[in-house]
Visitor: 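Structure incoming, see below.
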2 protein chains.
Amino acid sequence: MFDELDFQGHIPIYSQLVDRIKRLVATGVLKPGEQLPTVRKMATELRVNLNTIARAYRILDEEGVLSTQQGRGTYVLQPMLPEKGLPPRMAALEGMTKSFLERAYQVGFNPDEVSLLLDELLAAWREDGMPPKSKS
Amino acid sequence: MFDELDFQGHIPIYSQLVDRIKRLVATGVLKPGEQLPTVRKMATELRVNLNTIARAYRILDEEGVLSTQQGRGTYVLQPMLPEKGLPPRMAALEGMTKSFLERAYQVGFNPDEVSLLLDELLAAWREDGMPPKSKS
DNA sequence: CAGGAGACATACAATTAGTACAATAATACA
DNA sequence: TGTATTATTGTACTAATTGTATGTCTCCTG
């Protein structure tokens, strides 16, 4: 469930984890009250240091997504509903968007190309109520 | 692999490095995802200052050939430059974009919100020549 | 003889890893 | 049943590895 990390890209592992878990919580894959893998288990699975996992958990704890307690474990707190927390919500979108644009820029695209394609895909989203399915 | 620099000629070392690495990537000697020597390792090998290596890496990063990140290292990116393979290039952008939109959708955003923010960030990109830096 | 570009020296910052510690839960045993 | 022991779990501190930022020196060029 968590094993799709990019070790070569420009996004730190802990940051990738934060995004991934946020999404899993937001989409209901991880339900409130559910326990996440322990830092050690997750660390050995992903072959990173346990502190890297702990860092992601701590960030999510501070953001109110998870609740971690020494000796007990890490649990899902609240589903991140669109209604709650507007400023952090927009900040999240901004982060996602910036990192998407940066990636596009780095692999050689220009704003017009991106804009053109986005217009198309956004229109499809408006029509269908959901964005076009991506392969991943 | 990198130890054929010309210290006598009048082509700057960083420039020689940029050309050399570009060629190695283009010819497939350096494969996507592969990590390059750290700036320090390369610097001691070639007996130049680490900033000279860093400069070459930075240029290649800006050109989308490499991806460097503080604390992690420098890696070869996927070659998606306009020169090679136009259809796969756009397909790559489409993939990136779809997966970005899907994420936004899953976290609870609607097309208008995404569109609004994108207009803003794309405008900034056009103005500055590069997209706004993301924190991550 | 300025001006600037290239290279260098040095200090800084970010990410990840190694190790020991502390809090909680589970178990063993009298 | 009560308490001691062990296991489990997150935390704190430190170190190692990596790229970045800033200032200085030198050399070439006009």
Side-chain angles (χ1 to χ4, degrees), chain A residues 2-3 5-21 30 33-77 95 98-99 102 106, chain B residues 2-3 5-21 30 33-77 130 133-136:
Chain A
F2 302 97
D3 51 0
L5 291 179
D6 176 15
F7 288 88
Q8 286 126 34
H10 59 287
I11 300 176
I13 294 175
Y14 75 88
S15 188
Q16 292 181 47
L17 262 173
V18 167
D19 288 346
R20 171 163 299 277
I21 293 172
L30 290 173
E34 189 170 344
Q35 180 174 17
L36 277 80
T38 70
V39 290
R40 281 173 183 78
K41 194 170 172 200
M42 184 85 102
T44 50
E45 265 183 25
L46 302 182
R47 300 195 230 253
V48 294
N49 190 270
L50 85 176
N51 279 300
T52 304
I53 310 295
R55 183 171 179 180
Y57 281 6
R58 180 165 42 76
I59 290 173
L60 290 163
D61 181 273
E62 285 165 358
E63 292 187 6
V65 180
L66 304 179
S67 163
T68 77
Q69 287 172 277
Q70 188 171 350
R72 291 193 18 97
T74 301
Y75 298 84
V76 178
L77 263 188
K98 279 184 177 171
S99 103
E102 191 176 357
Q106 284 189 331
Chain B
F2 302 97
D3 50 3
L5 291 179
D6 176 18
F7 289 90
Q8 316 303 332
H10 288 88
I11 300 177
I13 296 174
Y14 76 89
S15 189
Q16 292 181 46
L17 261 172
V18 167
D19 290 345
R20 170 164 301 276
I21 293 173
L30 290 174
E34 189 169 344
Q35 180 173 18
L36 277 82
T38 70
V39 290
R40 280 172 182 79
K41 196 168 171 196
M42 183 85 101
T44 50
E45 267 182 23
L46 303 182
R47 319 215 202 222
V48 290
N49 189 269
L50 88 177
N51 279 300
T52 304
I53 310 295
R55 184 169 180 181
Y57 282 6
R58 180 163 41 78
I59 290 173
L60 290 164
D61 180 277
E62 284 165 0
E63 293 187 6
V65 179
L66 304 179
S67 163
T68 76
Q69 196 194 352
Q70 189 170 352
R72 299 269 313 279
T74 301
Y75 297 85
V76 179
L77 274 182
M130 66 174 60
K133 244 331 200 187
S134 79
K135 291 153 305 202
S136 63

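Lettering follows sequence order; numbering is per chain, from 1. The structure presented is a predicted model; accordingly, all values stated were derived computationally and were not measured.
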Visitor: Can you tell me the distance, in whole Å, between the CG atom of B/Asp61 and the P atom of D/dG19?
Guide: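 It is 11 Å, rounded to the nearest whole Å.
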Visitor: Tell whether B/Asn51 reaches the base of C/dT10 with its side chain through a donor-acceptor pair below 3.5 angstrom.
Guide: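 Result: at least one qualifying N/O pair found.
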Visitor: I need the OH-P distance between A/Tyr14 and C/dA14, as an integer number of Å.
Guide: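 After rounding, the gap between these two atoms is 9 Å.
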Visitor: Is there a side-chain polar atom (N or O) of B/Thr68 under 4.0 Å from OP1 or OP2 of D/dT20?
Guide: yes
Visitor: For a quick check, tell me whether the side chain of A/Arg40 and the base of D/dG10 share a donor-acceptor pair closer than 3.5 Å.
Guide: yes
Visitor: Going by heavy atoms in the side chains, are A/Tyr57 and A/Ile21 under 4.5 Å from each other?
Guide: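 With C-beta onward as the side chain, the pair touches.
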Visitor: Rounded to whole angstroms, how far apart are CD on A/Gln70 and P on D/dC13?
Guide: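 It works out to 12 Å between those atoms.
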Visitor: Should B/Val76 and B/Leu66 count as side-chain neighbours, where that means a heavy-atom distance under 4.5 Å?
Guide: yes
Visitor: Quick check on DNA chain C: between B/Ser15 and A/Val48, whose nearest nucleotide comes earlier from the 5' end?
Guide: B/Ser15
Visitor: With nearest nucleotide decided by heavy atoms, which residue, A/Gly73 or B/Leu36, maps closer to the 5′ end of DNA chain D?
Guide: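 Between the two, 5'-proximity favours A/Gly73.
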Visitor: Rounding to an integer number of Å, can you tell me how far B/Ile53 CD1 sits from C/dA7 P?
Guide: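 Roughly 10 Å, once rounded to whole Å.
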Visitor: Look only at the side chain of B/Arg72 and the backbone of A/Ile11, and say whether a donor-acceptor pair between them is shorter than 3.5 Å.
Guide: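 Such a contact is found between B/Arg72 side chain and A/Ile11 backbone.
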Visitor: Classify B/Leu50 by what it touches in the nucleic acid, base, sugar-phosphate, or nothing, heavy-atom distance under 4.0 Å.
Guide: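 Answer is base: heavy atoms of B/Leu50 come under 4.0 Å of a base.
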Visitor: Which nucleotide, C/dT24, D/dT9, C/dT16, lies nearest any side-chain atom of A/Thr38?
Guide: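 Comparing C/dT24, D/dT9, C/dT16 against the side chain of A/Thr38, the answer is D/dT9.
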Visitor: Without decimals, in angstroms, what is the distance between A/Arg72 CZ and D/dA7 P?
Guide: 21 Å
Visitor: Establish, with yes or no, whether the OP1 or OP2 oxygen of D/dT18 is under 4.0 angstrom from a side-chain nitrogen or oxygen of B/Thr74.
Guide: no
Visitor: Rounded to the Å, how far apart are B/Ile11 CD1 and C/dG6 P?
Guide: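 Going from B/Ile11 (CD1) to C/dG6 (P), I get 12 Å.
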Visitor: Answer yes or no: is there a side-chain heavy-atom contact under 4.5 Å between B/Leu17 and B/Leu46?
Guide: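 Contact flag for B/Leu17/B/Leu46 side chains = yes.
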Visitor: Atom CD1 of A/Ile59 and atom C1' of D/dG10: how far apart are they, to the nearest Å?
Guide: 15 Å
Visitor: Quick check for you: to the nearest 0.5 Å, what is the distance between B/Glu34 atom CD and B/Tyr75 atom OH?
Guide: 11.0 Å
Visitor: Between B/Gly71 and B/Arg47, which has a closest nucleotide on DNA chain C that is more 5'?
Guide: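 So the residue in question is B/Arg47.
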Visitor: Which nucleotide wins on minimum distance to the side chain of A/Arg55, given the candidates C/dA17, C/dT16, D/dT11?
Guide: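 Closest of the options to the side chain of A/Arg55: C/dT16.
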Visitor: Mind calculating the distance between CG (A/Asn49) and P (D/dT14) to the nearest angstrom?
Guide: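 One finds 16 Å between P of D/dT14 and CG of A/Asn49, rounded.
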Visitor: Counting only side-chain N and O atoms of A/Thr52, is one of them less than 4.0 Å from OP1 or OP2 of C/dA17?
Guide: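 Looking at the OP1 and OP2 atoms of C/dA17, one of them is under 4.0 Å from a side-chain N or O of A/Thr52.
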